[in-house]
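One structure is given here, and the rest of the page talks about it.
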Amino acid sequence: MKETAKYSEKKILVLGLAKSGVIAASLLHKLGAFVTVNDMKPLSENPEAQGLLEQGIKVICGSHPIELLDEGFELIVKNPGIPYRNPIVKGALEKGIPVITEVELAYQISEAPFIGITGTNGKTTTTTLIYEMLKTGEKSPLVAGNIGTVASGVAENAKPDDSIVIELSSFQLMGIDEFRPEISIVTNLYDAHLDYHSSKQEYVEAKAAITKNQIASDFMIFNADQDLVLSMAKKTKAELVPFSAEVKHENGAYVEDGAVSFRGEKIIEVSEIALPGKHNLENVLAAISAAKLKGVANEAIQTVLKTFYGVEHRLQFVATIDHRRFYNDSKATNILAASKALTSFTEPVILLAGGLDRGNEFDELKPAMENVKAVITFGETAEKIERVAKELGIANIKRVDNVEKAVPAAFEFSDEGDCILLSPACASWDQYKTFEQRGDIFMEAVHKLK
């Protein structure tokens, strides 16, 4: 850990716990700060807060009292999920008290450089691919952020020869000050999290923060097929490394003659890449760019791309049973994500879809359903998805109670060579606690078919 006196004897409020808040509070305490923790969960139901209390850290639980702002805090470390309209956060900013997320704290103490990945879609897959490529290439990577362990906990033990590969949300990036990745990556930008951000512009500016502190010796890898990302790239001081699945860019990664190349060097045939779909090809291009910039050998990159079948719940290959392939895309909690999954296949697809009804219709899914031969529905939105399927002339439609029953129902409609795809296009909360639970139940049901 890098020695720093930046936080010594400073009064710091850690607002909101979860894993990141617990580790941030403990770390700041070690660094000599006078730490107060404030969390909504009552102390009696809050073992994390109780543990901090045992360390000698002041803990206030059960509410976010606005009176905390009268205690003279010099810094607030905010849980990324707490919005900026929160009265304490808003009041702190009005008083000129800096508000950061623990990613900034991680940067301040880290001896290792960062590879930061952000974007609307593809962050987790790209982060995982880069980590696996660096690991296979013996480049000593560590993984952090939404995908791995808490960034400041990883940074505390990182060595100068390590590289911290970190997935970054807009929520985290709004709370950085000096954070500067050696390599930044922007996968794509679409409308998202507008319930958290005051506007699309605020969301885009939050994403752009990943490169705001970069200098000429750093690199920005970016999706050159998107105008919004191109506009962002024009403002960086870092060396630009474009990637594109459509156009050849000599200074970046691209597809030419059925193969992926980086800066004129052929890396791998597209047909050899295990991950399906154009959106995953973009993730592969971004990951290859980062791996090559870090000096990873082509053989290591090829090994990963030929054997990596996806992150859990994100177009994850599950099994082949009687010549039918099963894919778990439970993370597809909206129409855009489900559309991307559907257009990844040229084979006939049996689609399993449905879930929480947020009031929207599903007509936007129609263009992606060209190869869908049957639809199995469940959850609150079953009737809406069935309407779309009927309007498309899909004859085989069946409603079931849940994902577990959807699997055998889908198998009955399938033939050899078909893909059976869970891509719900909806959140899971009408029937399941998380999309992960929904995906796990799907995979268990698939394995029961064997």
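Just so it is clear, the values below take in all heavy atoms, side chains as well, and ignore hydrogens, waters and symmetry mates. Just so it is clear, the structure is predicted and the values come from calculations on it, not from any experiment.
By the 4.5 Å heavy-atom criterion applied to side chains, Ile88 and Ile66 are counted as neighbours. Looking at Ser423 and Leu351, their side chains come closer than 4.5 Å, going by heavy atoms from C-beta outward. Counting heavy atoms from C-beta outward, Cys419 and Phe326 have side chains that stay 4.5 Å or more apart. Annotation: side chain of Phe362 is in contact with side chain of Thr381 (closest heavy-atom distance under 4.5 Å). The shortest side-chain heavy-atom distance between Val89 and Ile76 does not fall under the 4.5 Å cut-off. Contact of the Ile60 side chain with the Thr36 side chain is registered, since non-hydrogen atoms from C-beta on lie closer than 4.5 Å. With a 4.5 Å cut-off on side-chain heavy atoms, Gln55 and Ser26 count as touching. The closest side-chain heavy-atom distance from Ile288 to Leu305 is below 4.5 Å.
No donor-acceptor distance shorter than 3.5 angstrom exists from the side chain of Thr333 to the backbone of Ala427, with no hydrogens or angles considered. The closest donor-acceptor contact from the side chain of Thr343 to the backbone of Lys340 lies under 3.5 Å.
A salt bridge links Lys384 with Asp357: at least one charged nitrogen is closer than 4.0 Å to a carboxylate oxygen. Taking the charged nitrogens against the carboxylate oxygens, Glu182 and Lys294 do have a contact shorter than 4.0 Å, which makes a salt bridge. Salt-bridge formation is detected for the pair Glu269/Lys266: a Lys NZ or Arg NE/NH1/NH2 atom is positioned less than 4.0 Å from an Asp or Glu carboxylate oxygen. With salt bridges taken as basic N to acidic carboxylate O contacts below 4.0 Å, one links Lys248 and Glu256.
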With a 3.5 Å cut-off and sequence neighbours excluded, list the donor-acceptor pairs that the side chains of residues 215-222 form with protein atoms.
{"from": "Asp218", "atom 1": "OD1", "to": "Arg180", "atom 2": "NH2", "distance (Å)": "3.1"}
{"from": "Asp218", "atom 1": "OD2", "to": "Arg180", "atom 2": "NE", "distance (Å)": "2.7"}
{"from": "Asp218", "atom 1": "OD2", "to": "Arg180", "atom 2": "NH2", "distance (Å)": "3.4"}
{"from": "Asp218", "atom 1": "OD2", "to": "Ile215", "atom 2": "N", "distance (Å)": "2.9"}

Can you give the donor-acceptor pairs under 3.5 Å from side chains of residues 131-141 to other protein atoms, not counting sequence neighbours?
{"from": "Thr136", "atom 1": "OG1", "to": "Glu132", "atom 2": "O", "distance (Å)": "2.8"}
{"from": "Ser140", "atom 1": "OG", "to": "Asp162", "atom 2": "OD1", "distance (Å)": "2.4"}

Distance-only criterion, 3.5 Å: show the donor-acceptor pairs between side-chain atoms of residues 90-108 and protein atoms not counting sequence neighbours.
{"from": "Thr101", "atom 1": "OG1", "to": "Gln172", "atom 2": "O", "distance (Å)": "2.8"}
{"from": "Thr101", "atom 1": "OG1", "to": "Gly175", "atom 2": "O", "distance (Å)": "3.4"}
{"from": "Glu102", "atom 1": "OE1", "to": "Ser152", "atom 2": "N", "distance (Å)": "2.9"}
{"from": "Glu102", "atom 1": "OE1", "to": "Ser152", "atom 2": "OG", "distance (Å)": "2.7"}
{"from": "Glu104", "atom 1": "OE1", "to": "Asp177", "atom 2": "N", "distance (Å)": "2.8"}
{"from": "Glu104", "atom 1": "OE1", "to": "Glu178", "atom 2": "N", "distance (Å)": "3.1"}
{"from": "Glu104", "atom 1": "OE1", "to": "Phe179", "atom 2": "N", "distance (Å)": "3.0"}
{"from": "Glu104", "atom 1": "OE2", "to": "Gln108", "atom 2": "NE2", "distance (Å)": "2.7"}
{"from": "Glu104", "atom 1": "OE2", "to": "Glu178", "atom 2": "N", "distance (Å)": "3.0"}
{"from": "Gln108", "atom 1": "NE2", "to": "Glu178", "atom 2": "OE1", "distance (Å)": "3.2"}

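When the salt bridge (Lys or Arg N to Asp or Glu O under 4.0 Å) test is applied to Lys58, the partners found at least two apart in sequence or on another chain are Glu71. Listed by chain and number, the residues in a side chain to side chain donor-acceptor pair (under 3.5 Å) with Ser244 are Asp225 (sequence neighbours excluded). Every residue was checked against the side chain to side chain donor-acceptor pair (under 3.5 Å) condition with Lys2, not counting sequence neighbours, and none meets it. Considering only residues two or more places apart in sequence or on other chains, Tyr254 meets the ring pair (Phe, Tyr, Trp, His ring centres under 6.0 Å) condition with none of them. Checked against side chain to side chain donor-acceptor pair (under 3.5 Å), Ser231 has no partners two or more places apart in sequence or in another chain. Every side-chain contact (heavy atoms from CB on, under 4.5 Å) that Lys30 has, sequence neighbours left out, goes to Glu156. Applying the side-chain contact (heavy atoms from CB on, under 4.5 Å) rule to Asn334 yields the partners Leu336, Ala337; only residues at least two apart in sequence or on another chain are considered. With sequence neighbours excluded, the residues forming a side-chain contact (heavy atoms from CB on, under 4.5 Å) with Phe34 are Glu9, Lys11, listed by chain and number.
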inquiry  = Evaluate Tyr327 against Val318 for side chain to side chain contact (heavy atoms under 4.5 Å, CB included), listing each step before the verdict.
reply    = CA-CA 5 Å; Tyr327 287 86; Val318 179; 5.8 Å; no
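Each of Glu312, His313, Lys331, Glu167 was evaluated against Thr124; a single residue qualifies, Glu167, per the side chain to side chain donor-acceptor pair (under 3.5 Å) test.
Within the structure, the side-chain hydrogen bond (donor to acceptor under 3.5 Å, both in side chains) test picks out the following pairs touching residues 280-292 (sequence neighbours left out): Thr126-Asn283, Glu265-Lys292, Asn280-Asn283, Lys292-Asn298.
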